[in-house]
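All chains are named by letter (A, B, ...) in the order of the sequence lines, taking the proteins before the strands, and each is independently numbered beginning at 1.
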2 protein chains.
Amino acid sequence: MAQIQTLSKNQKIILDIIEKANEPLKAYSILFNVQKKGIKAPLQVYRALEKLIKLGKIHKVESRNAFVACKNSNCEISKATAFSICETCKKVTEISDQKLSKYLKNFHDKTGMIYKKYNLEFYGLCTTCKRS
Amino acid sequence: MAQIQTLSKNQKIILDIIEKANEPLKAYSILFNVQKKGIKAPLQVYRALEKLIKLGKIHKVESRNAFVACKNSNCEISKATAFSICETCKKVTEISDQKLSKYLKNFHDKTGMIYKKYNLEFYGLCTTCKRS
DNA sequence: TAACGTTTGTTATAATATAACATTTTGAAG
DNA sequence: CTTCAAAATGTTATATTATAACAAACGTTA
């Protein structure tokens with residue numbers, strides 16, 4: 001809550017739109033939505049997005065080039081994200097599974113590489129689309 | 001081996017370049033590389049890439065918009081991919097870890113969604129960059 | 001050969017993202 | 001309160017990534 005105060009004008013406007021959407025938004029669709037509020041250029045949107053990602057307020061769904069609000073207070077500043085994506089209805093949901101995140105946080109391979117961050121995207125059929 | 005025979009001319013050319021590269025290649029850098037071989041348009045490259053992905057010969061590294069040859073005979077036709085990405089030197093390696101892939105293949109969340117596919121990207125520091 | 005799916009070739013354009021530069025706002029330190 | 005630096009803004013231009021739409025050729029296999 002205190003942190004929201006530190007957001008700038010553009011950042012607030014754009015976070016607000018992303019939070020109110022019930023689906024990931026594309027940068028240019030955000031741009032279209034905020035033009036009435038005086039944000040005219042792509043770069044203004046991309047800059048706000050970049051900052052919001054750094055703050056962990058939003059995530060980028062990489063395989064969709066879309067941006068979604070973080071529903072998980074435990075994302076640890078955008079370091080660890082997992083999504084489920086329905087290939088039929090395109091619905092994207094942030095997965096919040098303690099076991100999964102613990103498993104991945106502790107994962108290390110043979111090479112000895114240090115992992116600071118990950119992004120996981122599952123694709124499949126959601127329960128609604130499964131039925132039909 | 002038998003399968004490689006069924007690849008078309010463009011598909012072979014493009015797979016060959018991706019396999020010989022020791023890093024993920026961007027579509028337009030592939031395009032640049034094959035122009036001497038008569039492939040002139042982006043669409044020719046993208047079409048071949050799409051097919052090669054379907055066949056599991058290559059993968060797309062989503063967060064990089066780049067394409068890399070599959071080093072894993074057990075990717076099951078591109079259904080399950082995991083990469084490690086060094087944020088310093090940008091090196092991308094396909095992770096081949098039985099336990100990890102088994103864990104993710106069997107993962108299911110509360111929603112009951114069926115997962116047919118996933119893509120996981122770890123970001124961090126590789127051993128070489130760690131030292132310096 | 002006829003019919004079909006796949007691949008190719010081509011032009012044009014859509015969609016996504018960043019470079020470069022000038023200016024303004026903000027917040028903390030003196 | 002002023003000054004300074006960091007952050008944010010505004011703007012134009014351009015780079016990068018990807019697909020639409022259409023016509024033609026190829027390769028099976030009936």
Open item on the list: So, using side-chain contact (heavy atoms from CB on, under 4.5 Å) as the criterion, who are the partners of A:Lys60 when residues are at least two apart?
Closed with: A:Ile53, A:Glu62, A:Asn65, A:Phe67
TODO: Could you list the residues that satisfy side-chain contact (heavy atoms from CB on, under 4.5 Å) with A:Thr88, not counting sequence neighbours?
DONE: A:Cys86, A:Leu125, A:Cys129
Task: Main-chain N/O of A:Gln11 paired with A:Lys57 side-chain donor or acceptor, under 3.5 Å - done: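 No: the side chain of A:Lys57 does not pair with the backbone of A:Gln11.
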- [ ] Among residues two or more places apart or on two chains, list those pairs meeting salt bridge (charged side-chain N to carboxylate O under 4.0 Å, His left out) that have a residue in residues 84-97 of chain A.
- [x]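 Counting only pairs at least two positions apart or across chains, the salt bridge (charged side-chain N to carboxylate O under 4.0 Å, His left out) contacts touching residues 84-97 of chain A are A:Glu87-B:Lys117.
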- [ ] Sequence neighbours left out, what passes side-chain hydrogen bond (donor to acceptor under 3.5 Å, both in side chains) with A:Thr111? Give chain and number order.
- [x] A:Asp109
d([atom1], [X]; [atom2], [N]) in whole Å:
X: B:Lys37; N: C:dT8; atom1: NZ; atom2: C1'; value: 18 Å
X: A:Ile39; N: D:dT11; atom1: CD1; atom2: C1'; value: 14 Å
X: A:Leu7; N: D:dA8; atom1: CG; atom2: P; value: 9 Å
X: A:Arg64; N: C:dA15; atom1: CZ; atom2: P; value: 17 Å
X: A:Leu49; N: D:dT9; atom1: CG; atom2: P; value: 12 Å
X: A:Glu50; N: D:dA7; atom1: CD; atom2: C1'; value: 12 Å
X: B:Lys40; N: C:dT8; atom1: NZ; atom2: C1'; value: 12 Å
X: A:Leu31; N: D:dT9; atom1: CG; atom2: C1'; value: 15 Å

Task: Residues touching DNA chain D, which here means a heavy atom under 4.0 Å, drawn from residues 82-92 of chain B - done: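 Listed by number, there are none.
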Open item on the list: If the threshold is 4.0 Å, N to carboxylate O, is there a salt bridge linking A:Lys20 and A:Asp16?
Closed with: yes
- [ ] Produce a footprint string for nucleotides 18-30 of chain D: one letter per nucleotide, 5' end first; B if the base is under 4.0 Å from any protein heavy atom, S if only the sugar-phosphate is, - if neither.
- [x] BBBB---------
- [ ] Under the ring pair (Phe, Tyr, Trp, His ring centres under 6.0 Å) rule, collect the residues that match up with B:Tyr123, sequence neighbours excluded.
- [x] none
- [ ] With sequence neighbours excluded, tell me which residues meet ring pair (Phe, Tyr, Trp, His ring centres under 6.0 Å) with B:Tyr28.
- [x] none
- [ ] Using the rule that two of Ile, Leu, Val, Met, Phe, Trp, Tyr join whenever any of their side-chain heavy atoms come within less than 4.5 Å, decide whether B:Ile58 and B:Phe83 are in one cluster.
- [x] no
Could you list, one pair per line, each protein nitrogen or oxygen that sits under 3.5 Å from a nitrogen or oxygen of nucleotides 4-7 of chain C, together with the distance?
residue : atom : partner : partner atom : Å
C:dT7   : OP1  : B:Lys51 : NZ           : 2.6
C:dT7   : O3'  : B:Ser8  : OG           : 3.1

Task: Phosphate contact (D:dT9 OP1 or OP2) by A:Gln44 side-chain N/O below 4.0 Å - done: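 So the side-chain polar atoms of A:Gln44 never come under 4.0 Å of the phosphate oxygens OP1 or OP2 of D:dT9.
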Hey, does [Y] have a side-chain heavy atom less than 4.5 Å from the side chain of [X]?
X: B:Asn119; Y: A:Ser63; result: no
X: B:Leu55; Y: B:Leu7; result: yes
X: A:Ile30; Y: A:Leu49; result: yes

Task: Pairs satisfying side chain to side chain donor-acceptor pair (under 3.5 Å), at least one member in residues 30-50 of chain B, at least two apart - done: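 Output for this query is empty, none listed.
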Task: Five-pair end axes of the helix from C:dT1-D:dA30 to C:dG30-D:dC1, angle between them (10°) - done: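 Axis-to-axis angle, ends of the helix: 40°.
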Open item on the list: If hydrophobic residues (ILVMFWY) are linked whenever their side-chain heavy atoms come closer than 4.5 Å, directly or via other members, who joins A:Phe32 in its cluster?
Closed with: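 Via sub-4.5 Å side-chain contacts, A:Phe32 links to none.
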